[in-house]
Each structure stands twice: as structure tokens, then as C-alpha cells.
Novice: 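Below is a structure I'd like to ask you about.
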Amino acid sequence: MAMQGIWSGTISFSLVAIPVQLVKAIVPGRVSFRLLHSEDYSPLARRMFCPEQERMVPADEIIRGYEIGPDRYIPITDEELASVSPERSRTIEIVEFIDMNEVDPIYFDHPYYLVPLKGGEKAYRLLVEVMRRTNKAGLAKFVLAEREYLVAVKSTEGALALTTLHYSEEILPDEDISPREGKIEAVEKSRIKKSIRQMMADFNPGKYADARREKVMALLKQKAKEKAPVEAPAIAEEEGAGPADLIAALEEIMRQVKQNR
Amino acid sequence: MAGGTIWKGSIHFGDTDVPVKLHAAIKEERIQFHLLHRRDQVKLRQQMICAYEKKPVPVAAQTKGFEVEEGKYIIVDPAELEQIAPESSRMIEVHEFVKTGQIDPIFLERVYYLEPDTYVEGYNALVTALQEMDVAGICTWTMRKRSYLGALQASGRILRLNTLRHGDEVIPATSLELPEIPLSEKELRIGSDLINQLAAPFQPEKFVNEHQKRLQKLIEKKARGEKVAVLRPRLLKPTASDQLLQALEASLKKVA
Amino acid sequence: MSRKVVEIAGRRLSLSNLEKDLYPSHGFTKAHVLEYYRRIAAFILPHLHDRALTLKRYPDGVAQAFFFEKRCPSHRPAWTETAEVRGDDGERLTACLVNDLETLLWVANLASLELHVPLARAASPETPDAMVFDLDPGEQADILDCARVALILRDLLSRLRLASYAKTSGQKGLHVYVPLNRQETTFADTKTFSRAVAVIMQKNYPELVTAKMAKEYRKGRVFINWSQNDSAKTMVCVYSLRAREKPVVSFPLEWGELESLAGLGDPERFQVIHSEAVRRAEEKGDLFREMLVKQQKLPHL
């Protein structure tokens, strides 16, 4: 099977190991534009440029470096980076199971799904089902794109959802901005509660469309109606016909073809 | 300490108006790398290259296009996009309230702390009301020319504002079309027992970013000119379907 | 909205909106589109195999706006095969590979009527399996002119010991393919070669052919679009439906057939509609099968 997903490896709990891959759970709603050259409408490509030699640098000549002083770097190879936490870069090892209700939502960072790879379907299904029955979620640490994440893996609609969690040291304390304990205005509180009661509804995320996206799409539709889209030029259309000997040989064959028609 | 004030506004619904200041709730730190040219370790710069002319294109000669068909674009003027940018406003408009339990965490995006500004009594009353009723306010606001959807919630003595993802940004688990695979009662029972054996309270303080610390050590080591051993990741052998029960039983024996 | 869950080879697939009229003037619904692709699957799948698919989705039918997508939609079943490919701006993107019936039907269910693929497979994006001449009639020219050009091209190529094969574009033009299936041949080679051929054709048949893209040259002539021989370009796949008023198909034609159609002088007779496509494919087999296997070397001239 072709390489796919964001990451593939194993999720394990105790002695059970399940081959899985990580896939997106979120698709950004932003309308994505392409950067073009305003002169000829050719698409622009992001490339790394060496200011010393004033040329583009191909990917195989690029390494990462850690800055230790002005223009002084410690180069780090991909192999070295990969060997910082080798086991965690290939395995999501569930170390304990927790009750998701105990997790303050402030910890939630980014959601993904895990899907089973070939041979892992049954064990995957088992983990989904037993976490659903016990209402527990697995807690694990793993390394994705050179960053170690604390993650919670839970069961949702027949699938494993993985959410990266913030480390507690990343959560800023709120004491300094909390209001002083004061007496609550009973009248004010009951007035607010009355307002809230009148405004109660069911959470329906489908209702809140991205107005910005809709506006951008409407603008694009309008523009498409008004004016035909611009077209990028064909590569190297301008100069010449091709190698002279090729042209000459084809010319000769063309003559024969014409004679025979 | 909470982060500095990012934005100031006022929570509004019905006759209620509560002025607040927005603060960051999360601070992430990670080791930053730069991209270098391998041979001379010169720091590289990113540039936009014209695909056909193969030369760098300055920002002034760049334009935005929406690809409607292969190689065909609708050109969009920044001024046109500016025109449809949301009006700036200082209002966090609450449209409705929902039970907090109804909000699937998958919709939660980023958290801000709200600090009371000038009208502390109203703030406190709102915190208590939200807490006692166990509800969150679904609201919208505009900040830095972007409109946001959010959930206003109380936690302890303060209000939090959680930005929400739009409904169509979340991929439903059902679209994964995962197969139903029959499991025996025995497999399910032992699996559940195993999970209960490994159950623990959520104690986030137990977990620190060890990788970050090891990476820091590796950099220091290299800075001293020491050699770094390269380790290769090992892939675990998957548990075969017909050995699942056996693996579960062995696991349970191990933890019990 | 109607939903239907089907199971193919143990894989679940939910189909939706089956009664949606995708070709309104023809009463051809989503269900019909799915049925067409199910029946043509054995013929089209080998030509889609391992190629990064570009989707052209018409959720509200052929008369309405379409969505052009090189990325494989994120809302995809876990079993969908994908490949990481480089877009023409150098960014990596995840593309769908239509390697089985399930994926073909999933893609059809997204109202992706047209299936476009590159000339190279995803694993070797710089190595085309074929060279193509995309014959596109300008204003006041038609498919009959394309047929004339195609027949001259066939003769020219056969003098070069290159077998070629033609298909309708399903729109107004014809596509002439030269199978290569050689590791050594790159897009740089096929582009140089096809451009030289186009230029020679233009020189010898200036009233009929142009090798230039600009609109002013194309009036009354057939544009031989050699620039399709590029890793960033895609061609509509043989047997794909087209989003025209009628559910026509990009369909292979034998050279003899093309000759007699050219003699009949009726542009409409070239078009192959869905039902005829299934019937002819079942009767004659895959007329494009050589595209998958025939090894040919561009002559060194």
C-alpha cells in the first residue's frame, strides 16, 4: 500500500500491538489561494535560497541547525533527531486508562483519528469496544514531527480518536486575573439566569457556518461570472521548435507521409 | 501568570453586558531549528520562485489566485478581500446557551482566559449563573479582522472563552467507513478487565516533555563536539487476530 | 436525502443523494453515474491504477459550478489508498489513488463525474507511460478537423515505428496516445518530441494545424497541445464520463472507425454516450489496453 496518512506505526496497550495510521480529524475551512507571479500568472513555489551563493538549494543539501549565537549553529541531522526518542516515534504506548470526564477541556489541543492498518482490524475493534464499555480513554506519549505529545485515545462512533493534550506546565495559571471573592448580587444573578433560560438551545455545530468562507466563495463565483480565469503559460512555449536535427528528420518523414497520402 | 491582555471587549446578551479582557491560557515552548546549507552551514532564506521562469519573485510581483481548473485561476485583489473582512467590533455576542456536556471536545480549538474589566459584580454573577446551570454560551466576536465562533464557560472563579471549530471543519468518524468485526464475549470481558486494571486518575503533572529535555541534552553534547550515537526505532510486531485472546490473557496475568 | 450503505470486498461505503439529477436535461442521476462506473470498472480501473487523481466534482449537476480538487478529500474512508505527490507549487499534497471498485464508487458518489489523471504513475512522477497529442479544435473548427489531424499524426508516427491510439476527449477534440512504458523516457523527452512533431505538422498543414496556444492562432485550426506532456498536467482518463449536457464518455476509437467517421462528416457521430460505451467495451474489450503494456522507444533522430 502506498505511504499515506500523517504518521503510521503501532498503538499498544500491555501486550497487544495494533498497526495504525494517524489521519486528520479537522479540515481547515479557510479558502486556500495560490500565490502567482503577477506578470505571467505562473504558480510560485516555495524554495530555500542560499544568500551566500545566490542560488536555490535542493532539499538534499539542507540540514537543520540550532542557533547558539549570532550566525553560529549546531547542525543536527534527521537521523540524530530521530534517535532522541526512537521507541516513541513508532509506537503510541498506552500507559494507563483514565476517565475522560476528569480531564479539564483546557488540556485538549488537536484532534486526529487513528485507523487500523492491514492485520490490525480486529484488535483495533476490540480496543474501540472495550474503551466504549468501560468509558475509559488511554493515555500515552508519542513523538510526531520531532515533538513529543501527551495524547488521549478514546472511542468514538466505532473509531479511535486521538487528541493531543497540553502539558500541565504549558497551562498558564489564572489566579492573577481571577476576581476577588465578592458577594454575588442575587438580583443580578437571577436576572442573568432568566436570560439564559430564554436562550437555551441544543448544541448544533452545523448551524454555525463559517460566514467568512461563504463570503469569499461568493466573491469568487461572482468574479468567475464576470471574467474568464487567467491561464498560466505553457512551459517553454516561447522559444524555438526543438533540436535542429530532430526537426530535420521529422521534416523528411513528413515529406514521405505526404507523398503517400 | 496568565499571558498579557490580547484584546478587550464586552460579553453581551439580553440586557447583560460584561466587559472583559482576553488573556492567553496556553504557552507552548519548543526548540526552534533553522534550515542551513549542508556544506557551509549558512542560514537559508525562503523565497517564492516562478515555476516557469525559475527565478525569485519579489512580494510586489506576487498575486493571489484561486485555481478553478488545471492552470486556470481567478485573480483576487487584496482590496476585494479587505472589503468582505468582518467589521471590527468590541462585542462578544452570545446567541444561545447550551448544556456544557453537549459540546463534543473535538470542536474546541483554543482557550482564552477572560479577566473582569470594570464591572466585577456582573462578571461574578455571570460566572455563578453559568456554573449553577452548567451551561456554555455560544458566541461570536471579531478580533484582528477575523470573526470567531466560541463557547463561553465558567471554570472556578473565572470565565473562559474557547474558540470553536465550524461544523464543516470537523470530519465525522463515520466517514472513515470502518468495518464491523465480530468479537467474542470472552475477548471483550478480558479486554475490559485489562483496562480496569490499568485505570488511573488523570494526573497531568506526572507527564513532562522528556523528549524536549533529551533534545536539549543532545544539542549541548554536539555543541561540546561529542559524538552522538544514532539509534533506530523498532517496530512492534502486530498482534495477529487469532492470537488476540492469548495476548489479552497474558496481559491480564502480567498486570494482575 | 437517500442514503444507502453497500459493502464491497468487506468494505463499507455509504452512498448518498442517489436520486440527484446530475445531467438534468438527460434525466441521468447519481445512481446512473454509479451504475455506469460500476459497469465500466473492469475497463477503467487499470488506467487509473496508481495515478494521482484530480477530481472534478459537480455536486449540483453539470449545469452548475464544479469543484476542482487535486487533494484527496479529507472526508475519506480509512481504506482509501493515497499517495504523497508534489503539486506544481512544490507543496506536498495527498492525492487519491483509484485502485479498486470501492474507491471508484466512492469518488463517483462525490459527484466527481470526470476523472483526470497524469500520464505518469504516482511512484515515478517524472516517467510518463505514454506521450500524448491533445487535439483541440479552435473556433470554427470541429472534431472532423481533429480526425484529419489524427490520421496524419498516425501515419507520421507509424513511419517512426510508433504505434498510436486515439480516443475522443468526450468534448470537441481527440487525444492521440503513444504508449512508451519505459523507465528511461522522461517528460523532458516526450515534451521535446511532441513539440517538434506539432511544429512540423503546423509547418506542413498551416491551414489546419497550430502548435501555438494563443487564441488568435487557433481560429479555424486544430491546436496540437503538446504541453500536456508534463508531470504537472492531467488528461481525462479513458472511459471517464464528461460533464457535458449528455453523459458522454472519453472513448477509444479504432483507426478504421475514425477513418469512416471522418468520411461520414457528422461531428455528432463521434460522441459515445454512456450506454454505448458499456456495450462497446463489453463487446470489443479494452481498445486502450496497449497503453498499459506496449513498450516503445522514442526514436533517436
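All figures in this text were calculated on a predicted structure; none of them were measured in a lab. In the text below, chain A, chain B and the rest are named by the order of the sequence lines, each starting its count at 1.
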Novice: For chain B, which of C/G10, C/S14, C/A65 has the most heavy-atom pairs under 4.5 Å?
Specialist: C/S14
Novice: In terms of heavy-atom pairs under 4.5 Å with chain B, which of C/T234, C/V5, C/L13 leads?
Specialist: C/T234
Novice: Is B/K64 atom NZ crowded by more than 12 heavy atoms from other residues, nucleotides or ligands, each under 6.0 Å away?
Specialist: no
Novice: Spell out the residues in residues 51-63 of chain C that have some non-hydrogen atom less than 4.5 Å away from a non-hydrogen atom of chain B, in order of number; otherwise answer 'none'.
Specialist: C/K56
Novice: What closest approach, in Å, do C/F68 and B/E70 show between heavy atoms, and which atom pair accounts for it?
Specialist: CE1-N, 3.4 Å
Novice: Tell me whether the count of non-hydrogen atoms from other residues, nucleotides or ligands lying under 6.0 Å of NZ in C/K172 goes above 12.
Specialist: no
Novice: Does any heavy atom of chain B fall under 4.5 Å from the side chain of C/F66, the backbone, both, or neither of them?
Specialist: side chain
Novice: Could you state the interatomic distance from CH2 (C/W79) to CG (B/L178), rounded to the nearest 0.5 Å?
Specialist: 11.0 Å
Novice: Heavy-atom count check: over 12 atoms from other residues, nucleotides or ligands less than 6.0 Å from C/E216 CD?
Specialist: yes
Novice: Among B/V68, B/T174, B/I49, which residue forms the greatest number of heavy-atom pairs with chain C at distances under 4.5 Å?
Specialist: B/V68
Novice: Could you check which of C/E69, C/E7, C/H75 has the highest count of heavy-atom pairs closer than 4.5 Å to chain B?
Specialist: C/H75
Novice: Check the surroundings of atom CD in B/Q46: do more than 12 heavy atoms from other residues, nucleotides or ligands lie under 6.0 Å from it?
Specialist: yes
Novice: Is the number of heavy atoms from other residues, nucleotides or ligands under 6.0 Å of C/K219 NZ greater than 12?
Specialist: no
Novice: Which of residues 235-247 of chain C get closer than 4.5 angstrom to chain B, counting heavy atoms alone?
Specialist: none
Novice: How about B/K145: does its NZ atom have over 12 heavy atoms from other parts shown lying under 6.0 Å from it?
Specialist: no
